[in-house]
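Nothing here was measured: the structure is a model prediction, and the numbers come from that model.
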Amino acid sequence: MSPKTLYDKIWDAHVAHEAEDGTCLLYIDRHLVHEVTSPQAFEGLRMTGRKVRAPEKTIAVPDHNVPTTLDRANAETMTEDSRIQVAALDKNAKDFGIHYYPVSDVRQGIVHIVGPEQGWTLPGMTVVCGDSHTATHGAFGALAHGIGTSEVEHVLATQTLIQKKSKNMKVEITGKLRPGVTAKDITLSVIGETGTAGGTGYVIEYCGEAIRDLSMEGRMTVCNMAIEGGARAGLIAPDETTFEYCKGRPHAPKGAQWEAAMEWWKTLYSDDDAQWDKVITIKGEDIAPVVTWGTSPEDVLPITAAVPSPDSFEGGKVDAAQRSIDYMGLQAGQKLTDIEIDTVFIGSCTNGRIEDLRAAAEILKGKKVAVKRAMVVPGSGLVRAQAEEEGLADIFKEAGFEWRMAGCSMCLAMNPDQLAEGERCASTSNRNFEGRQGYKGRTHLVSPAMAAAAAVTGKLTDVRELM
Amino acid sequence: MEKFTKLSATAAPMPLVNIDTDMIIPKVFLKTIKRSGLGVNLFDEMRYDRQGNEIEDFVLNQPQYRDAQILVAGDNFGCGSSREHAPWALLDFGIRCVISTSFADIFYNNCFKNGILPIVVTPEEHAKLMDDAERGANAVISVDLEGQTITGPDGGQISFEVDAHKKHCLLNGLDDIGLTMEKAASIDSFEATAAQSRPWV
Ligand code: SF4
């Protein structure tokens, strides 16, 4: 048998039909649904009299629109159009008989956090969602990617997706990470290296000692941002860390089925002599705590650096860099650690898991925030409950952070949590696009520890100085 | 879905690289539960000031580009979120074709599902077309999907690649779901086999 990559293996196990030109119908094991990209898909089903083919494999949760304030049960906190969108999901979930975690359910949260937490995401699966950060689930060795609303409708109706195979790319992070360097720094550094289009046309497999050493939470952070590097999906081969995480989750297999699953899961790795279309290797010890200075996730620099000069770029990027610097209200040559921060946001599907909250709390213990506004938004109700149990919530509150309910919150400002014009935020989310966190808001992407460091000093800060 | 066969229209130049879906249609407009009506908010934050007045400089606000049906855009167009609202907004405005040196993957796919043709050209061809587009309404660009060619205002021709299946669907305005449902037997048998080999799924 010819050698295969992990991607090849999962792909081959899911092809339901292959046309002569290589176009495949890929069978989908898990379809995650949220309120923003699904209403038009369900409307399409109704109009054509179609059903959801596999409601038992379809899981819905509202997250993008829902307020994260403590009083959110009060419908007044939602704008009319948000309320309509969430109500549409309530109704669609009921009418079509799919699994649903409504806002009132303690398990509700960001779809990419809820899926793994509930054991819906398992190794070797195909997972899709009408959301680009579906790449998160690749941390389990599942082939997971974002789709558009037409494709959501297609998967609802047929449980398949029309796909052509992508190319294989290997990103290896060798050796150990230095203190203060986290999964977020890895994933941002990779994008800094490859650019936002570097992964276009590829599925990335992350490997190497530094990746192996990560917890599942860290691996999800890495895969989450594969899409920011342009890749269709990011993958990490499942291992003991993965199996340990999955075991006992509500929707993970049990007993004999668990044993059977394990037998297959253990075959899910790239063969030694597998062929790669592109390989990138980064030394773990070369990665520093990083921050973005511009309005593209590729605008990444070590915290010890300075805002670059637009002239240091080439072609269309000269203008883009100038536009970024203007938008961000910075000066070329300004030290990153001199940039003052108004707001700190800790949360999102990139960094809203328990380990992220632990990392931030570690830095915040016994300190006070020096920024105007600081908020922590746990990725799910269960993360929130666990953080309260571990005493993390108290650390945040005592430091001066708002302790919120679960949701996407200020990751994208579709809900009441938004930056004001010109407001500058150190954020653990994944996109620093213009207006992403609010009209004319300014975003610096960082790890949770770096966000906490910025919160206590009021400036972008090298977290290593506080450790 | 509306067919795409041939299109001759004004092309608007947008040389900026990495135009993301948030720029194409800011998230405040994603709260709709319909597909139509997003055209007025296409490129909203670049097109209007905070009071809702048009920003004169913005290309689609200039008289010669108001009826543009083609965009010639910078590298990595459509990066960012998977929102199909981006092609819906383009379509609702009247854009049927986007030409760039590269596109983000999900956006590229979403275009085809909505009757929009995204075309990838080389940097040299791109520079030429950008030049043409900058000449405004006097410079009509013609796109022929069947023949896979772009013809510039000076008669110069460029040929482009497009996936055969996507081309077929676009030319005939075919709905993917209907096509897939014709293969229901394959899906049934895949499911039956998978139920044996991976019963925990
Ligand atoms: S947290 Fe942010 S990136 Fe993640 S699903 Fe929500 S909006 Fe998207």
Could you give the distance from NZ (Lys31(B)) to CG (Asn65(A)), rounded to the nearest 0.5 Å? 5.0 Å
The interface call for Met1(B) against chain A, heavy-atom contacts under 4.5 Å, is neither
Within the 3.5 Å criterion, strictly below it, is a donor on Thr37(A) or Glu84(B) matched to an acceptor on the partner's side chain? no
Between Glu153(A) and Lys113(B), is a side chain to side chain contact (heavy atoms under 4.5 Å, CB included) present by the stated rule, with each step listed? CA-CA 11 Å; Glu153(A) 187 178 339; Lys113(B) 318 248 177 231; over 6 Å; no
Do Glu191(B) and Tyr27(A) come within less than 4.5 Å of each other through their side chains, counting heavy atoms only? yes
Could you look at Glu43(A) and say if it's the side chain, the backbone, both or neither that has a heavy atom under 4.5 Å from chain B? side chain
With side chains defined as the heavy atoms from C-beta onward, is the minimum distance between Cys79(B) and Glu228(A) less than 4.5 Å? no
Reported CG-to-OG1 distance for the pair Leu25(A) and Thr180(B), which is rounded to 0.5 angstrom: 5.0 Å
Heavy-atom cut-off 4.5 Å, strictly under: side chain, backbone, both or neither for Ser82(A) against chain B? both
Between Ala157(A) and Met181(B), what is the shortest heavy-atom contact and its length? O-CE, 3.6 Å
Donor-acceptor pair, distance only, cut-off 3.5 Å: does the side chain of Glu45(B) make one with the backbone of Tyr439(A)? no
Check each atom of Thr32(B) against the heavy atoms of chain A and say whether the ones under 4.5 Å are side chain, backbone, both or neither. both
Salt-bridged, Lys27(B) to Glu434(A), with N to O below 4.0 Å? no
Taking atom CG of Asp81(A) and atom CD1 of Ile33(B), what is their separation to the nearest 0.5 Å? 10.5 Å
For the interface with chain B, which of Ile84(A), Thr134(A), Ile147(A) has the highest count of heavy-atom pairs at distances below 4.5 Å? Ile147(A)
Okay, Pro199(B) and chain A: the region with an atom under 4.5 Å from a heavy atom over there is both
Does some side-chain heavy atom of Phe190(B) sit less than 4.5 Å from a side-chain heavy atom of His17(A)? no
Measure the shortest side-chain to side-chain distance between Ile177(B) and Arg50(A) over non-hydrogen atoms and say whether it is less than 4.5 angstrom. yes
Can you find a pair of side-chain heavy atoms, one from Thr21(B) and one from Phe433(A), that are under 4.5 Å apart? no
With chain B as the partner, which of Gly315(A), Cys129(A), Gly148(A), Ser38(A) has the greatest number of non-hydrogen pairs under 4.5 Å? Gly148(A)
Taking atom CH2 of Trp88(B) and atom OG of Ser150(A), what is their separation to the nearest 0.5 Å? 6.5 Å
Answer with side chain, backbone, both or neither: which region of Arg198(B) has an atom nearer than 4.5 Å to a non-hydrogen atom of chain A? side chain
Got a donor-acceptor contact below 3.5 angstrom from the Arg431(A) side chain to the Gly80(B) backbone? yes
Can you tell me how far the CG atom of Asn76(B) sits from the OG1 atom of Thr200(A), to the nearest 0.5 Å? 5.5 Å
Top of Ile227(A), Thr23(A), Val152(A), Asp131(A) for chain B proximity - count of heavy-atom pairs under 4.5 angstrom: Asp131(A)
Contact winner vs chain B - Asp21(A), Thr196(A), Asp319(A), heavy-atom pairs under 4.5 Å: Thr196(A)
Under 4.5 Å to a heavy atom of chain A? For Phe103(B) that would be backbone
Contact between Ser132(A) and Ile106(B) at the side-chain level, heavy atoms closer than 4.5 Å - yes or no? yes
Check whether any side-chain heavy atom of Glu20(A) lies under 4.5 Å from a side-chain heavy atom of His165(B), and answer yes or no. no
For Ala252(A), is it the side chain, the backbone, both, or neither that has a heavy atom closer than 4.5 Å to a heavy atom of chain B? neither
As an exercise: rank His14(A), His64(A), Gln159(A) by heavy-atom pairs under 4.5 Å with chain B and give me the winner. His14(A)
Portion of Ala87(A) that has a non-hydrogen atom of chain B nearer than 4.5 angstrom: neither
Does Asp188(B) come within less than 4.0 Å of Arg53(A), counting only side-chain N to carboxylate O? yes
d(Asp105(B) CG, Arg232(A) CZ) to nearest 0.5 Å is 4.0 Å
For the residue pair Trp200(B) and Trp265(A), categorise the inter-ring angle as parallel (less than 30°), tilted (30 to 60°) or perpendicular (more than 60°). perpendicular
Which members of residues 160-167 of chain A, sorted by number, sit under 4.5 angstrom from chain B on a heavy-atom basis? Thr160(A), Ile162(A), Lys164(A)
Answer key: most heavy-atom pairs under 4.5 Å with chain B among Arg323(A), Glu421(A), Lys57(A), His145(A) is Arg323(A)
Taking side chain as everything from C-beta outward and backbone as N, CA, C, O, which of these in Leu16(B) sits under 4.5 Å from a heavy atom of chain A? Side chain, backbone, both or neither. side chain
For Leu30(B), does its backbone N or O pair with a side-chain atom of Gln85(A) as donor and acceptor, under 3.5 Å? yes
Salt bridge present between Asp75(B) and Lys317(A) (N-O < 4.0 angstrom): no
Are more than 12 heavy atoms, taken from residues, nucleotides or ligands other than Lys254(A), located less than 6.0 Å from that residue's NZ atom? yes
If I compare all heavy atoms of Ala16(A) with all of Ser186(B), which pair ends up nearest, and what's the gap? O-CB, 3.4 Å
Find the one option among Asp20(B), Asn110(B), Asn114(B) whose heavy-atom pairs under 4.5 Å with chain A are most numerous. Asp20(B)
Answer with side chain, backbone, both or neither: which region of Glu56(A) has an atom nearer than 4.5 Å to a non-hydrogen atom of chain B? neither
Short question: side chain of Arg436(A), backbone of Asp22(B) - any donor-acceptor pair under 3.5 Å? no
Interchain contact, Thr149(A) with chain B, by part (heavy-atom threshold 4.5 Å): both
Glu151(A) vs Asp176(B), side chain to side chain contact (heavy atoms under 4.5 Å, CB included): CA-CA, chis, key distance, verdict: CA-CA 9 Å; Glu151(A) 289 174 316; Asp176(B) 277 344; over 6 Å; no
Please look at Val15(A) and chain B and tell me whether the side chain, the backbone, both or neither of the residue comes under 4.5 angstrom of a heavy atom of that chain. backbone
